Amino acid sequence: MPVNERAIDAWAQPALKHFIEDVPEAARLFKQSHTSHIIESGISIEQTVASMDAAGVERAMLCAWHRPGKSLTTNDEIAEIVARFPDRFVGVAAVNLEKPVEAVRELDRAVKKLGFKALRVIPWLWNRPPNDKLYYPLYVKCIELDIPFCTQVGHTGPLMPSEPGRPVPYLDEVALTFPELRIVGGHIGYPWTDEMIGLAWKHENVFIDTSAHLPRYYPPQLIHFMKSYGREKVLFGTNFPQLPFEKCMEQVRALDLADEVRAAFLRENALRVFKVS
């Protein structure tokens with residue numbers, strides 16, 4: 001497979017058996033995606049790498065998880081996986097949003113000591129949109145560390161309120177307040193995809209990743225954006241294990257994208273936004 005067709009997955013996490021116990025709100029999402037069996041049995045990191053190999057996924061941004069009151073997959077656990085497979089995974093930090101001083105210190109440690117390349121906060125887990133005051137110290141630290149802030153945009157597949165994922169006005173306000181902050185909105189913003197496209201066009205440092213949506217079901221306006229004036233703005237993502245690597249990559253190849261568009265989507269944009277080489 002040519003190098004420019006080997007993907008960088010912007011949003012993945014370990015397929016741990018305890019995930020649904022820790023995030024019961026997500027059980028229906030996996031059921032609706034027909035992947036409950038994966039999360040119920042769990043998949044080893046070795047099996048995950050084999051699946052990436054079969055699909056043509058070179059590397060995955062591997063996300064830690066933190067929810068109110070509990071760390072689900074710690075930054076140190078992710079760092080251990082990255083240390084075992086440094087050419088396959090890149091760490092994405094999670095922090096306790098409700099304790100901002102502690103969160104800033106942990107983010108600093110994750111980047112400087114563990115080598116992580118991004119922060120992810122999922123608004124529905126905290127029921128706080130990204131313009132909430134608790135995020136703001138983290139935005140300043142992300143800018144200082146020169147890393148992106150990754151978040152979920154659009155409706156909530158898990159059984160939680162969707163309002164915190166609305167791109168406008170919440171993420172728009174963040175981008176206006178912190179124009180230097182690189183923001184990656186995962187899950188394409190559906191059903192507010194047009195809002196997310198508008199933000200990515202409006203703001204130099206706002207990007208979209210396609211995690212949690214099979215390429216077959218990408219909205220037509222998103223594909224048009226990828227092929228035209230948004231070629232440098234959209235990143236490939238799966239939300240593995242919710243969506244399998246192979247299925248996503250097969251469907252990307254069926255989109256009939258021009259070579260330069262496919263290369264930008266699958267890897268070049270992620271390499272630039274996350275500053276990985």
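The shown structure was predicted, so the numbers you read here are calculated from the model rather than taken from an experiment.
Using modelled atom types and a 3.5 Å distance limit, the side chains of Ser211 and Asp209 yield a donor-acceptor pair.
For the pair Lys233 (side chain) and Val206 (backbone), a donor-acceptor distance under 3.5 Å is present. Proximity of a side-chain donor or acceptor of Arg88 to a complementary backbone N or O of Met52 within less than 3.5 Å is not detected.
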Side-chain donor-acceptor pairs under 3.5 Å in residues 156-167, sequence neighbours left out?
from   : atom 1 : to     : atom 2 : distance (Å)
Thr156 : OG1    : Pro161 : O      : 3.1
Ser162 : OG     : Thr156 : N      : 2.9
Glu163 : OE2    : Tyr170 : OH     : 2.7
Arg166 : NE     : Glu195 : OE1    : 3.2
Arg166 : NE     : Glu195 : OE2    : 2.9
Arg166 : NH2    : Glu195 : OE2    : 2.4

List the atom pairs, donor and acceptor, that lie under 3.5 Å between side-chain atoms in residues 240-251 and the rest of the protein, sequence neighbours left out.
from   : atom 1 : to     : atom 2 : distance (Å)
Gln242 : OE1    : Asn239 : ND2    : 2.8
Gln242 : NE2    : Ser33  : OG     : 2.8
Gln251 : OE1    : Arg216 : N      : 2.8

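Using the six-membered ring where Trp is involved, Tyr135 and Phe149 have ring planes that are perpendicular, over 60° apart on the 30 and 60° scheme.
In summary, of the residues considered (Ile122, Asp132, Leu134), a side-chain contact (heavy atoms from CB on, under 4.5 Å) with Leu97 occurs for Leu134 alone.
Phe236 contributes atom CZ, which lies 6.0 Å from atom OG1 of Thr210 (distance to the nearest 0.5 angstrom).
For the salt bridge (Lys or Arg N to Asp or Glu O under 4.0 Å) condition, the pairs that include at least one residue of residues 135-144, sequence neighbours left out, are Asp108-Lys141, Lys141-Glu144.
Applying the side-chain hydrogen bond (donor to acceptor under 3.5 Å, both in side chains) criterion to Tyr139, with sequence neighbours excluded, gives no partner residue. With sequence neighbours left out, Arg231 forms a side-chain hydrogen bond (donor to acceptor under 3.5 Å, both in side chains) with no residue at all. Here Gln221 pairs with Asp194 under the side-chain hydrogen bond (donor to acceptor under 3.5 Å, both in side chains) rule; sequence neighbours left out.
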